[in-house]
Every structure is written in structure tokens, then in C-alpha cells.
Participant: 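Mind having a look at this structure? Questions to follow.
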2 protein chains.
Amino acid sequence: MPKIKDTDTENQILNAAKKVFQEKGMDGARMQEIADKAKINKSMLHYYYRSKQLLFEAVFKNAFALLAPQLNAILNDDSSIEEKVISFTNNYISFVVKHPYLPSFIIQELNRNPKFILKLKDQKGFPNIEKFKKQVVLEIEQGILKPIKGEQLFINILALNIFPFVASPLVKAFVNINDTEFKQLMVDRKTEVANFIINAIKV
Amino acid sequence: MPKIKDTDTENQILNAAKKVFQEKGMDGARMQEIADKAKINKSMLHYYYRSKQLLFEAVFKNAFALLAPQLNAILNDDSSIEEKVISFTNNYISFVVKHPYLPSFIIQELNRNPKFILKLKDQKGFPNIEKFKKQVVLEIEQGILKPIKGEQLFINILALNIFPFVASPLVKAFVNINDTEFKQLMVDRKTEVANFIINAIKV
DNA sequence: ATATTTGTCAACCAAACGGTTAAACCAAAT
DNA sequence: ATTTGGTTTAACCGTTTGGTTGACAAATAT
């Protein structure tokens, strides 16, 4: 071992690759731009990650690993559905503000290559809906919730939270607001969406 | 070999370009693939549309022109909010089944180039939310609806309807269902989503 | 019939792309 | 002091890309 494990370059590359891939997607990203942003020679990209595909997969898995815990919070936690809805909508907005390109990046790239998710599904920590479904059935039996399928409720929660960020240019144009007003509208949604869902499902 | 009155070529090109662009996006699309699919020489693409960018814009505007009337139905119609929600959720699913790649195509490409929507905003027929907002205020005053901002309600309606199609690979993986089950779930949503929204907003 | 315009194609082109190579570099081990 | 082996670089390579050219055929105008 000649040098003291110099993982710095590898990290610079991954950070630069994150930015470029998440902003431009696999097809739009250029290896040269990643190298420039990481301030290293283009050959280093291949030295550390062999190919564009493998570098991309490193970035993608990294991004997905950030998103998964957010979802597991609502799927595997032991609190009530109502509590889950409140905490999830609250947390998710803060999360997206930190990683603005992340949700649309994941969705866009999975649309480009839907088979890719199979590689992720096997890994532990991949969100699983079974516990959530049982909980919904139970709370309906207990007369807490109106009848609804767990799958549909989960899709609705995801949709109301994720969609405005994924489709933000469209939403801004339709609602006819600028970036500042949009940001405020999203902050308002922290309580707005939770109330909306709870009104919809509570008896 | 030109046959009798051949404006047909231009249409073949546009149809092929629609398929390729909507499936692979601007960056992933290849002019050669479009030419092959249209069964014409690659030079014809430039003869009729000058550049990849202009061909793409033709496809994009065409796609947007299909989506806009769907949204105007909920924004400018004279029926009640409840009726609008029911008819929109009902119609939208049928629409997406006919044009599966369309919503994610529009969203993806606007994320890639958000400025592009400014070109569309000027055109007449571009969805405008003002009438809808006034209607929401009115129905709240009349005691029909619970208090909610028109913008938020509109975003929620869009989200619940559009999101599952835009994020279909993700949804399929999380809910752990195959294509057939997903299709069924989407059909169920025709009534499911309408009920969900109405429960959430009706007094 | 002849000339002009429009439509079509095969061949070609320069630039950009992802990836490779071979040599230099440098800190630790001998 | 020399060897060693991971690290870095400039130059290079084959392929693909969007786009162009020039010749030519078909349709239309004269």
C-alpha cells in the first residue's frame, strides 16, 4: 500500500456524477462534463468506475438509498395511519428541498429502463407494502378509517407528496406562479396535504 | 419515388418521431431510428424539419395540444366542482391508456428545459386557473366545500390522476404488482380517486 | 415538349462521444 | 537508493451522431 487510501478522487467523481446525472439524466450526461466538474482527467472516471453505465448505476443506487428510508417510515413504522400521514408529509418536503432533482431523476430513469428496479427489489431495505396493507384493513375494521384499499391509499399519499416536485415546471405554469410563490405553496402543503388525506379517509 | 400528392411523408415522419421521442426523450432519441421507423431516408427528416430540435418541438407542441383540452375541461367548464372531479378522473384514465408515454414525456422534457413552457404559455388554449379559483371560493362561501385554496385543490387533482402513470415502474415495484394488476388498479381509480377527493373537500 | 420545382436517396462529413493506451508520477516498502 | 504499485495525465482510437451534398426522378408549370 503505497499511498494512504486516497478515496478523495473517487468521492469527487461520485459527487460530480450525481450532479450531472441527476440534472441531465443518463442520456443527456457527458463523461467530459463530469470530469470537468470533478476537476480530474476523464480517464479517472474509467479508472474508478470502468464505464458510464457503472458510474450511472452507482449514482442511481446512491439516490435510491436516500429515498427508500423515507418510504419505509410510512410503511413499517408502528404509529397509526393518521400519525404516519402527518409525519410523512411533513418530512418529505424538507427532504426534497435538500435533494431537488432526486425524485424526478429516479422516476425518469426507471421509465427509461424499468427492468433496472428488479436489481433493487432484491436488496434488503426495499420498501414493502404488506404491513401497511394489514394496518389499513385493521383500522377500517376498528371503524377509524373509511373503506379503502391499502394500495390505493399508499399511491394517493405518494402522489400528493411527490407529484408537485416532479412536475414543478408544469405546475408553476398552470397555477401561474413564480419560483418564490411555488416554494411557499409547497411549504403550505406540509399541513395542507395531511389534512386533505385525513379528511378523505377518516370516518 | 414520389407517388401522387405525397404530403404523406411528412406525416409518417411526425408519427415515427412521436413514438421515438416520447419513448426515449430528446437526448435518447436518434434521428436514424426515426427515419427507420418512418421507412424513409434520414435526409428527409432534415428536408421537412431542418433539425432534430425543430422536429422535437413539433412533436412536443403536438403532445401538449392533446393534453391541454383535458385540463381545460376541469378549469373552464360550468359544472360544479364535484361534477368536474368525477368527470375528469373518469376521462383522464381513458386518455392516458390511449397515450401512455405522453404525461411522462411532457414532464420529463419540461424538467430538462423549463424555459420551453414560456413558448406555450402565450398560445391561446393554454390552461388558466383563474376561473377555477373563483369557483372554489364561491362553493366554499356557499357551504358546499371545506376551506381549501384553489391552487392546492387543483394540484391535488392533477397529482392523484397523473402521478401513478408517470411513476408507474416505481408504483408497480412498491405495491408489488405486475402489469395486469396495475392496469386493474388504475381502472379502479376511476371511481376511487373521485371518491377520495370528494370525501376530502365536501362539507 | 421543355424547363423548373419538389421530393428522394446514397454517400459523405466534421464533431462529439465513450473508452483505451502508454508513459509519467509519487509515496511507501525493501 | 531502488523497487513497487496504485494514481494521474495527454494523446489517441473507433464509432456514432446530427447534418450536408449532389445527383437524379417525379410532378408541375411554361
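Below, chain A is the first sequence line, B the second, and so on; all start at residue 1. Remember, it's a predicted structure, so these values are computed and weren't measured experimentally. What you see below is based on every heavy atom in this structure, not just the backbone, and it leaves out hydrogens, waters and symmetry mates.
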Participant: Report yes if the distance between the aromatic ring centroids of B:Phe116 and B:Phe60 is under 6.0 Å, otherwise no.
Facilitator: yes
Participant: Nearest-Å distance, CD (A:Glu10) to P (D:dG6)?
Facilitator: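 Spelled out: CD on A:Glu10 to P on D:dG6 is 14 Å.
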Participant: Whole Å only: how far is the CE atom of A:Met44 from the C1' atom of C:dA23?
Facilitator: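 In whole Å, C:dA23 C1' and A:Met44 CE are 14 Å from each other.
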Participant: So, B:Phe88 versus B:Tyr92, ring centres under 6.0 angstrom or not?
Facilitator: yes
Participant: Do the non-hydrogen side-chain atoms of A:Lys202 and A:Lys146 ever get within less than 4.5 Å of each other?
Facilitator: no
Participant: Specify the separation, in whole Å, of atom NE2 of B:His46 and atom C1' of C:dC13.
Facilitator: 13 Å
Participant: Report the residue from B:Tyr49, B:Phe105, B:Phe56 that forms a ring pair (Phe, Tyr, Trp, His ring centres under 6.0 Å) with B:Phe21.
Facilitator: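 Looking at B:Tyr49, B:Phe105, B:Phe56, the match for B:Phe21 under the ring pair (Phe, Tyr, Trp, His ring centres under 6.0 Å) is B:Phe56.
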Participant: From the list C:dG19, D:dT7, D:dT21, which nucleotide is the closest neighbour of the side chain of B:Ser43?
Facilitator: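 Taking heavy atoms from C-beta onward, the closest nucleotide is D:dT21.
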Participant: Could you state the atom-to-atom distance from CG of A:Leu54 to C1' of C:dG19 in whole Å?
Facilitator: 13 Å
Participant: Counting only N and O atoms by type, is there a donor-acceptor contact under 3.5 Å from the side chain of A:Thr89 to the main-chain atoms of A:Val85?
Facilitator: yes
Participant: Tell me the interatomic distance from A:Gln12, atom CD, to D:dT7, atom C1', rounded to whole angstroms.
Facilitator: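 After rounding, the gap between these two atoms is 13 Å.
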Participant: Of the options C:dG7, D:dT20, D:dG6, whose atoms approach the side-chain atoms of A:Tyr47 most closely?
Facilitator: D:dG6
Participant: Pairs of donor and acceptor atoms involving the side chains of residues 124-132 of chain B, under 3.5 Å and at least two apart or interchain, shall be tabulated with distances.
Facilitator:
| residue | atom | partner | partner atom | Å |
| --- | --- | --- | --- | --- |
| B:Asn128 | OD1 | B:Glu130 | N | 2.8 |
| B:Lys131 | NZ | B:Asn76 | O | 2.9 |
| B:Lys131 | NZ | B:Asp78 | OD1 | 2.7 |

Participant: If you go through the side-chain atoms of A:Thr9, does one of them form a donor-acceptor pair with the base of D:dT7 closer than 3.5 Å?
Facilitator: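 Answer is no: no donor-acceptor pair is held.
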Participant: Starting from P on C:dA15, measure out to NZ on B:Lys52 and report it in whole angstrom.
Facilitator: 19 Å
Participant: The side chain of A:Tyr48 lies closest to which of these nucleotides: C:dT20, D:dT8, D:dG19?
Facilitator: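 In terms of side-chain proximity for A:Tyr48, the closest of C:dT20, D:dT8, D:dG19 is D:dT8.
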Participant: In whole angstrom, give the distance that lies between atom CD1 of A:Ile13 and atom P of D:dT7.
Facilitator: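 After rounding, the reported distance stands at 11 Å.
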Participant: Given atom CG of A:Leu45 and atom C1' of C:dT20, what is their separation to the nearest angstrom?
Facilitator: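 Whole-Å distance recorded here is 13 Å.
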Participant: Listed in order of residue number, which residues of residues 17-42 of chain A have a non-hydrogen atom at under 4.0 Å from DNA chain D?
Facilitator: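 When residues 17-42 of chain A is checked for heavy atoms under 4.0 Å from DNA chain D, the hits, listed by number, are A:Asn41.
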Participant: Side chain to side chain donor-acceptor pair (under 3.5 Å) between A:Glu109 and A:Asn113: does it pass, once the steps are laid out?
Facilitator: CA-CA 6 Å; A:Glu109 294 303 326; A:Asn113 181 12; over 6 Å; no
